[in-house]
Amino acid sequence: MKTKKKQWYEYLWIWSIVYFALGFFNILFAWLGMIDFLLPVILAVFGGNKFFCNHLCGRGQLYCKLGGDLKCSRNRPTPKWMASKWFRYGFLLFFLSMFGNMVFQTYLVAEGARSLREAIKLFWTFRVPWGWTYTGSIFPDWAAQFSFGFYSLMLTSLLIGLIVMLLFKPRTWCAFCPMGTMTQAICKLRNRKKAL
């Protein structure tokens, strides 16, 4: 029996590991995470589907590898409230407000109103010193400030995903992922306009 040839995008779970490893050694690599922010939106706007979530999301693939292949998940059903509309959109609003705050902190550093904070904030609360990852560069301090904030956001969401992966099904994070919720809303709006 022939085994199905794997597509190139089935290895994107490696991208997730590489991204977090690079940010551990140099925080400016955090900017690469913007690919995972912009690409799903672009594909949803122009494609009208969730191609990114279904095929290109390295994080979802990583949860499948760890939770499914390596049996790190309890594989229990995802609680219904996690997939409910109020929770998904509530989490999206919270996530966007944290992103907005991060952009505002970056703006303050750019304007000279605040000095660079070389720390990662886990779960938007716990400050973890991360100074070794940035010793200055040709880029302005605001670029580093954005990197620290963005890496905090990405690392926190990764940890939340790992926690729910351990407790429930491997891709439980996908039930309330802010990017998934956003792309789903874009697809619904786009397809509704087509139907009119």
Side-chain angles (χ1 to χ4, degrees), residues 12-13 15-45 52-53 56-60 62-63 82 85-165 172-186 189:
L12 286 173
W13 58 272
W15 161 246
S16 282
I17 295 169
V18 168
Y19 172 75
F20 287 105
L22 287 173
F24 186 80
F25 292 107
N26 188 325
I27 199 64
L28 291 174
F29 281 113
W31 280 86
L32 291 173
M34 287 303 291
I35 296 167
D36 292 333
F37 258 56
L38 298 175
L39 195 57
V41 173
I42 291 167
L43 291 176
V45 167
F52 182 89
C53 294
L56 304 177
C57 181
R59 185 175 296 196
L62 181 63
Y63 295 146
M82 278 189 186
K85 191 182 271 190
W86 69 267
F87 183 75
R88 287 186 297 114
Y89 282 96
F91 191 72
L92 173 62
L93 285 173
F94 174 74
F95 191 83
L96 288 176
S97 68
M98 292 298 109
F99 184 79
N101 181 53
M102 180 200 78
V103 170
F104 180 65
Q105 298 302 323
T106 300
Y107 166 77
L108 290 177
V109 171
E111 290 298 304
R114 172 169 280 170
S115 57
L116 175 65
R117 290 183 177 180
E118 297 181 54
I120 297 295
K121 263 193 170 180
L122 291 180
F123 301 103
W124 302 282
T125 309
F126 307 107
R127 288 192 63 173
V128 182
W130 217 262
W132 73 87
T133 63
Y134 183 72
T135 54
S137 71
I138 58 167
F139 300 104
D141 277 352
W142 68 262
Q145 185 62 58
F146 182 88
S147 296
F148 280 106
F150 196 63
Y151 195 82
S152 297
L153 205 63
M154 295 291 273
L155 189 58
T156 293
S157 57
L158 174 78
L159 293 174
I160 292 170
L162 286 171
I163 291 165
V164 294
M165 176 210 75
T172 294
W173 164 256
C174 301
F176 60 95
C177 167
M179 295 313 300
T181 302
M182 201 185 308
T183 54
Q184 185 178 40
I186 291 167
L189 279 170

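We use all heavy atoms of the structure for the numbers below, so side chains are in, but hydrogens, waters and symmetry mates are not. Just so it is clear, the structure is predicted and the values come from calculations on it, not from any experiment.
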**Q.** Heavy-atom check, side chain of Gln105 versus side chain of Phe148, under 4.5 Å
**A.** no

Q) Which distance, rounded to the nearest 0.5 Å, do you find between the CZ of Arg88 and the CD of Gln184? A) 5.0 Å

Q. Hey, what do you get for CG (Leu62) to CG (Leu162), rounding to the nearest 0.5 Å?
A. 7.0 Å

(Q) So Cys177 and Arg59, do their side chains get closer than 4.5 Å, heavy atoms only? (A) no

Q) What's the shortest heavy-atom distance between Thr133 and Gly23, and which atoms? A) CG2-O, 3.7 Å

Q.
If we check side-chain contact (heavy atoms from CB on, under 4.5 Å) with Gln145, which of these qualifies: Val103, Thr106, Leu108?
A. Thr106

Q) Is any side-chain heavy atom of Tyr63 closer than 4.5 Å to a side-chain heavy atom of Trp13? A) no

Q: Taking all non-hydrogen atoms of both residues into account, name the closest pair between Cys174 and Gly60 and its distance.
A: SG-CA, 4.4 Å

Q | Any Leu116 side-chain heavy atom under 4.5 Å of Tyr134 side chain | A | yes

Q) Is there a side-chain contact between Met98 and Thr156 (heavy atoms, below 4.5 Å)? A) no

Q: For the residue pair Leu158 and Phe20, establish whether any side-chain heavy-atom pair is separated by less than 4.5 Å.
A: yes

Q: Measure across Gly180 and Cys53 and return the closest heavy-atom pair with its distance rounded to 0.1 Å.
A: CA-SG, 3.9 Å

**Q.** Within the 6.0 Å centroid threshold, strictly below: Trp86 and Tyr89
**A.** no

Q | Distance (rounded to the nearest 0.5 Å) between Met179 CE and Leu92 CG | A | 8.5 Å

Q.
Please determine whether side-chain contact (heavy atoms from CB on, under 4.5 Å) holds for the pair Leu153 and Phe95, giving the CA-CA distance in whole Å, both sets of side-chain angles, and the decisive distance to 0.1 Å.
A. CA-CA 9 Å; Leu153 205 63; Phe95 191 83; 3.9 Å; yes

Q) For the atom pair OG1 (Thr181) and CD1 (Ile186), what is the distance rounded to the nearest 0.5 Å? A) 11.0 Å

Q: Please name the pair of heavy atoms, one in Phe176 and one in Met82, separated by the smallest distance, quoted to 0.1 Å.
A: CB-O, 3.5 Å

**Q.** Least distance between heavy atoms, Ala119 atom then Ser152 atom
**A.** O-OG, 4.3 Å

Would you mind writing out the side-chain donor-acceptor pairs for residues 24-43 within the sub-3.5 Å range, not counting sequence neighbours?
from, atom 1, to, atom 2, distance (Å)
Asn26, OD1, Leu28, N, 3.0
Trp31, NE1, Ala143, O, 3.0
Trp31, NE1, Ser147, OG, 3.0
Asp36, OD2, Trp15, NE1, 3.3

Q: Keeping to residues at least two apart or across chains, list the ring pair (Phe, Tyr, Trp, His ring centres under 6.0 Å) pairs with something in residues 100-125.
A: Phe94-Trp124

Q | Test item: Leu22 and Tyr151 side chains (from C-beta on) under 4.5 Å apart, heavy atoms | A | no

Q) Quick one: CD1 on Ile160 to CE on Met165, what's the gap to the nearest 0.5 Å? A) 14.0 Å

Q. For the atom pair CH2 (Trp173) and CD1 (Ile163), what is the distance rounded to the nearest 0.5 Å?
A. 10.5 Å

